[in-house]
S.K.: 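Just passing along the structure, written as structure tokens.
Atom set for the values below is all heavy atoms of this structure, side chains included, hydrogens, waters and symmetry mates excluded.
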Amino acid sequence: MESAEQITVLTLFMQADPVVKGVMLVLAVASVWSWAIAVEKWLQFGDLESQARKFEREFWSGRSMDDVDDRAGDKPRDALSRIYATASREFREARRGGIVGEAGQQLLDRVDRLMQAQISREVSRAARNLGFLATVAASAPFIGLFGTVWGIMNAFTNIAAQQQTNLAVVAPGIAEALFATALGLVAAIPAVIFYNKFSGDLDRFGDRLETFSDEVAARISRRLSERG
């Protein structure tokens, strides 16, 4: 009973085989890093949502494109502003050169391609570090399992070396092996939840950008029709 009472998380780590100890360290670092990314992503997507709503209110407030362009500024800081600025710059350049005949349709095609390229950049920016969550979610259980197998091998080696099968000999090795498995799950389960949550947020954000780009293209097309 005294030996069992001495088995704590700290003693499991300190007395573990170097390989198992390395596995524990890797999983602990992966878990902490996953939580740090989750907090950063939570704040990031909240900020993206807030900025998108703010710019959409400006866009649908009845102001002209020039007024909205002035509000966006020369260096737009949010995704929708950057997409709008991309289309607006192209429209202004075409307007200076004159838009006649097929030039209107060519302008719309260029604007669409430019906005799609900007959308890709915005989605890539928002998706940064999600790959790490996916990697931890997929690999952490197997890393923990490796530590488990190695720890059990050590436990059997100790049994063979001491030629004893009592609990005092077997328990520490088995405990550190199972602890490695537990750490693998502790790292993997939140990473899976975070990855699925933020992947859904990313998909909705991408859909929002696509919808907004269609609205910008429709407004430019309306302006071209009015000029015609």
S.K.: Let me have the donor-acceptor pairs involving side chains of residues 178-189, under 3.5 Å, with sequence neighbours excluded, atom names and distances please.
M.R.:
{"residue": "Thr181", "atom": "OG1", "partner": "Thr148", "partner atom": "OG1", "Å": "2.1"}

S.K.: Dump the intermediate steps for side-chain contact (heavy atoms from CB on, under 4.5 Å) on Gln44 and Phe198, then the final yes or no.
M.R.: CA-CA 10 Å; Gln44 179 188 17; Phe198 295 127; over 6 Å; no

S.K.: When rounded to the nearest 0.5 angstrom, what is the spacing between CD in Glu40 and CZ in Phe45?
M.R.: 9.0 Å

S.K.: Could you pull out all residues at least two apart from Lys54 that satisfy salt bridge (Lys or Arg N to Asp or Glu O under 4.0 Å)?
M.R.: none

S.K.: Specify the closest pair of heavy atoms between Gly151 and Glu176, including all atoms of both residues, with the distance to one decimal.
M.R.: CA-OE2, 4.2 Å

S.K.: Given the side-chain rings of Phe194 and Trp35, with only the six-membered ring counted for Trp, is the space between their centroids under 6.0 Å?
M.R.: yes

S.K.: Can we say Asp201 and Arg204 salt-bridge, meaning some charged N sits less than 4.0 Å from an Asp/Glu carboxylate O?
M.R.: yes

S.K.: Mark yes or no for whether Ser50, through its side chain, and Gly46, through its backbone, hold a donor-acceptor pair below 3.5 Å.
M.R.: no

S.K.: Same cluster or not: are Leu114 and Tyr84 linked, directly or through other Ile, Leu, Val, Met, Phe, Trp or Tyr residues, by side-chain heavy atoms under 4.5 angstrom apart?
M.R.: no

S.K.: Do Leu80 and Gln51 touch side chain to side chain, with heavy atoms closer than 4.5 Å?
M.R.: no

S.K.: Give a yes or no on whether Leu133 and Leu202 share a hydrophobic cluster (residues Ile, Leu, Val, Met, Phe, Trp, Tyr; joining criterion: side-chain heavy atoms under 4.5 Å apart).
M.R.: yes

S.K.: Of all the heavy-atom pairs spanning Ala134 and Tyr195, show the shortest one and how long it is.
M.R.: CB-CE1, 3.7 Å

S.K.: With sequence neighbours excluded, give me every side-chain hydrogen bond (donor to acceptor under 3.5 Å, both in side chains) pair touching residues 115-128.
M.R.: Arg82-Glu122, Gln116-Glu210, Gln118-Arg121, Gln118-Glu122, Glu122-Arg125

S.K.: At their closest point, which heavy atom of Ala87 faces which heavy atom of Val111, and how far apart are they?
M.R.: CB-CG1, 3.6 Å

S.K.: Considering only distance and modelled atom types, tabulate donor-acceptor pairs under 3.5 Å from the side chains of residues 26-34, sequence neighbours left out.
M.R.:
{"residue": "Ser34", "atom": "OG", "partner": "Ala30", "partner atom": "O", "Å": "2.8"}

S.K.: Are Phe91 and Leu107 close enough that some pair of their side-chain heavy atoms sits under 4.5 Å apart?
M.R.: yes

S.K.: What heavy-atom pair brings Ile119 and Ile83 nearest, and what distance separates the two atoms?
M.R.: CG1-CD1, 3.6 Å

S.K.: State whether the side chain of Lys41 and the backbone N or O of Ala126 hold a donor-acceptor pair below 3.5 Å, judged by distance alone.
M.R.: yes

S.K.: Below 4.5 Å, heavy atoms only, C-beta onward: do Val19 and Phe146 meet side chain to side chain?
M.R.: yes

S.K.: For Arg110, run the side chain to side chain contact (heavy atoms under 4.5 Å, CB included) check against Glu90, Glu93, Gln105, Met115 and tell me which one passes.
M.R.: Glu90

S.K.: Just jot down the ring pair (Phe, Tyr, Trp, His ring centres under 6.0 Å) partners of Phe212, sequence neighbours excluded, or say none.
M.R.: Phe55, Phe59

S.K.: By salt bridge (Lys or Arg N to Asp or Glu O under 4.0 Å), which residues pair with Glu49, not counting sequence neighbours?
M.R.: Arg53, Arg208

S.K.: Between Ser81 and Asp78, which heavy-atom pair has the shortest distance, and what is it?
M.R.: OG-OD1, 2.7 Å

S.K.: State yes or no: do Trp42 and Phe132 share one hydrophobic cluster built from I, L, V, M, F, W and Y residues joined by side-chain heavy-atom distances below 4.5 Å, directly or via other members?
M.R.: yes

